[in-house]
4 protein chains.
Amino acid sequence: MEQSQQHNGAPKEQESEHAGESEGHVERGYTSSKDDLLSRLAKIEGQIRGIKRMVEGDRYCIDIITQISAVQAALGKVELSLLEGHMLHCLLGHGGGPDTPEAQTAEVMSVVARMMSK
Amino acid sequence: MEQSQQHNGAPKEQESEHAGESEGHVERGYTSSKDDLLSRLAKIEGQIRGIKRMVEGDRYCIDIITQISAVQAALGKVELSLLEGHMLHCLLGHGGGPDTPEAQTAEVMSVVARMMSK
Amino acid sequence: MEQSQQHNGAPKEQESEHAGESEGHVERGYTSSKDDLLSRLAKIEGQIRGIKRMVEGDRYCIDIITQISAVQAALGKVELSLLEGHMLHCLLGHGGGPDTPEAQTAEVMSVVARMMSK
Amino acid sequence: MEQSQQHNGAPKEQESEHAGESEGHVERGYTSSKDDLLSRLAKIEGQIRGIKRMVEGDRYCIDIITQISAVQAALGKVELSLLEGHMLHCLLGHGGGPDTPEAQTAEVMSVVARMMSK
């Protein structure tokens with residue numbers, strides 16, 4: 001994994017070739033489940049804060065690792081759900097992503113290959 | 001992964017058999033790198049907030065997945081570093097964890113098996 | 001992973017709902033690269049035999065693990081390549097698999113979820 | 001994963017620093033379970049042959065991927081079992097591996113990091 005990350009912790013918001021089009025009001029694969037997605041991310045953020053408190057409190061290493069694993073599992077589910085929504089969105093021809101079978105396959109597979117190698 | 005998680009997002013702070021002893025001022029495998037660990041977790045928390053903003057801004061799915069992958073990779077490094085510190089700490093006989101070769105091996109391997117199956 | 005396996009080591013050849021149709025001369029997502037696929041699998045089989053020889057020769061544990069990791073990486077590439085061929089094949093409407101966007105997405109995502117959890 | 005592999009499929013039997021000492025009659029972490037290990041590897045070899053037959057028989061892609069996943073899970077278990085045996089063997093001071101806590105930790109963690117990144 002060599003995603004570059006900004007020093008302030010904010011994800012580097014580089015624009016993909018599709019990302020730029022009229023940002024902010026685009027229909028995405030996750031649009032219908034946006035609230036659920038945001039609440040899962042809020043919960044994950046709370047879990048990270050909890051892990052920080054565990055470190056501050058000198059908690060047992062293995063217990064901290066267990067919590068980190070729980071966060072990773074939660075993030076993995078978010079990833080799968082985003083990819084599923086995106087793939088269906090593209091296959092239904094809803095736009096904003098690749099629109100040929102070849103490009104759709106290439107995009108999904110490159111994400112999957114990346115998810116595999118973590 | 002079926003770690004139970006409290007509804008408020010805070011990790012469930014269940015006590016492991018070793019965790020309870022005089023919490024708060026125990027020497028842990030991560031004690032010497034605690035500041036570094038906390039700053040990595042703070043950065044990860046910032047990344048999660050950045051991902052929430054991407055969702056709020058209807059950003060491109062694949063770009064969001066990319067950022068989630070970056071967080072997972074960062075968490076994976078934190079996990080490895082915690083496990084490494086813990087294992088060395090135990091092998092050096094610094095206490096707070098298992099103190100026989102059999103128990104030390106069993107503890108490390110159960111964490112590794114869990115990390116593998118994510 | 002709890003795939004049941006027959007005792008003789010042969011994969012359990014359970015029929016999926018799509019597998020049964022006129023077996024043996026069906027066009028598959030991997031048909032055009034069948035020779036390459038078979039040669040990769042033959043090489044992997046040779047690697048497994050090499051690992052058996054290492055065990056018989058009491059070779060160093062870590063060196064054996066290294067070879068197993070190489071086999072797993074090779075298998076992972078075969079999996080990705082099969083999935084890519086299959087997805088494209090389905091999206092192009094070549095038959096033998098699911099033919100609605102919903103079913104295609106569900107099939108790919110269930111494979112990906114399984115690959116993730118290994 | 002960039003383990004180099006010989007063209008004939010045999011794992012490259014490079015010598016690690018520990019591997020060379022009086023090969024063939026050394027006590028290893030897996031010595032007591034050598035028969036079990038060999039029979040698991042023989043079964044895996046049979047599974048690979050079964051996968052080749054599935055490809056030759058034009059079987060359904062997803063079914064082939066399922067079998068590959070079963071092999072990867074079986075290999076993962078072999079890896080964990082080898083690492084566990086090795087770690088215990090080293091911590092008990094049985095020789096043939098690193099003999100300081102620092103070197104033992106470094107060796108185990110480098111294997112784990114490699115297993116994670118597959």
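Since this is a predicted model, take the numbers as computed values, not measurements. A, B, ... follow the sequence lines: proteins, then strands. Residue 1 opens every chain. For the numbers below, each heavy atom of this structure counts, side chains included, while hydrogens, waters and symmetry mates do not.
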Peer 1: G76(B) and Q72(A): which non-hydrogen atoms are nearest, and at how many Å?
Peer 2: N-NE2, 3.3 Å

Peer 1: Start with the C-alpha distance between V78(B) and I64(A), add both sets of side-chain angles, then the distance that settles side chain to side chain contact (heavy atoms under 4.5 Å, CB included), and finish with yes or no.
Peer 2: CA-CA 10 Å; V78(B) 171; I64(A) 299 174; over 6 Å; no

Peer 1: Taking it one step at a time, do I44(B) and I51(A) satisfy side chain to side chain contact (heavy atoms under 4.5 Å, CB included)?
Peer 2: CA-CA 11 Å; I44(B) 288 166; I51(A) 293 168; over 6 Å; no

Peer 1: Could you please spell out the steps behind the side chain to side chain contact (heavy atoms under 4.5 Å, CB included) verdict for V71(B) and V71(A)?
Peer 2: CA-CA 10 Å; V71(B) 172; V71(A) 172; 5.8 Å; no

Peer 1: To check you understand the geometry: which heavy-atom pair defines the closest contact between S69(A) and E79(B), and what is its length?
Peer 2: OG-OE2, 2.6 Å

Peer 1: For side chain to side chain contact (heavy atoms under 4.5 Å, CB included), just list the numbers for K34(A) and D58(B), CA-CA rounded to whole Å, side-chain angles, deciding distance to a tenth of an Å, and then say yes or no.
Peer 2: CA-CA 9 Å; K34(A) 195 168 164 174; D58(B) 299 316; 2.6 Å; yes

Peer 1: Distance check, rounded to the nearest 0.5 Å: M115(A) atom CE versus I68(B) atom CD1?
Peer 2: 8.5 Å

Peer 1: Please find the pair of heavy atoms, one from Y60(A) and one from G96(B), that lie closest to each other, and give the distance.
Peer 2: CE1-O, 2.9 Å

Peer 1: Going from CG on D63(B) to CG on L82(A), what distance comes out if it is rounded to the nearest 0.5 angstrom?
Peer 2: 11.0 Å

Peer 1: If you round to the nearest 0.5 Å, how far is CZ of R28(A) from CD1 of I62(B)?
Peer 2: 10.5 Å

Peer 1: Does T66(A) reach the side chain of R114(B), with side-chain heavy atoms less than 4.5 Å apart?
Peer 2: yes

Peer 1: Find the distance between CE (M54(B)) and CG (L41(A)) and round it off to the nearest 0.5 Å.
Peer 2: 11.0 Å

Peer 1: Examine whether an atom of V111(B) lies under 4.5 Å from a heavy atom of chain A, and if so say whether it belongs to the side chain, the backbone or both; otherwise answer neither.
Peer 2: side chain

Peer 1: Under a 4.5 Å heavy-atom cut-off, does chain B meet the side chain of L37(A), its backbone, both or neither?
Peer 2: side chain

Peer 1: Quick one: closest heavy-atom pair of C61(A) and G29(B), and the distance?
Peer 2: SG-N, 3.9 Å

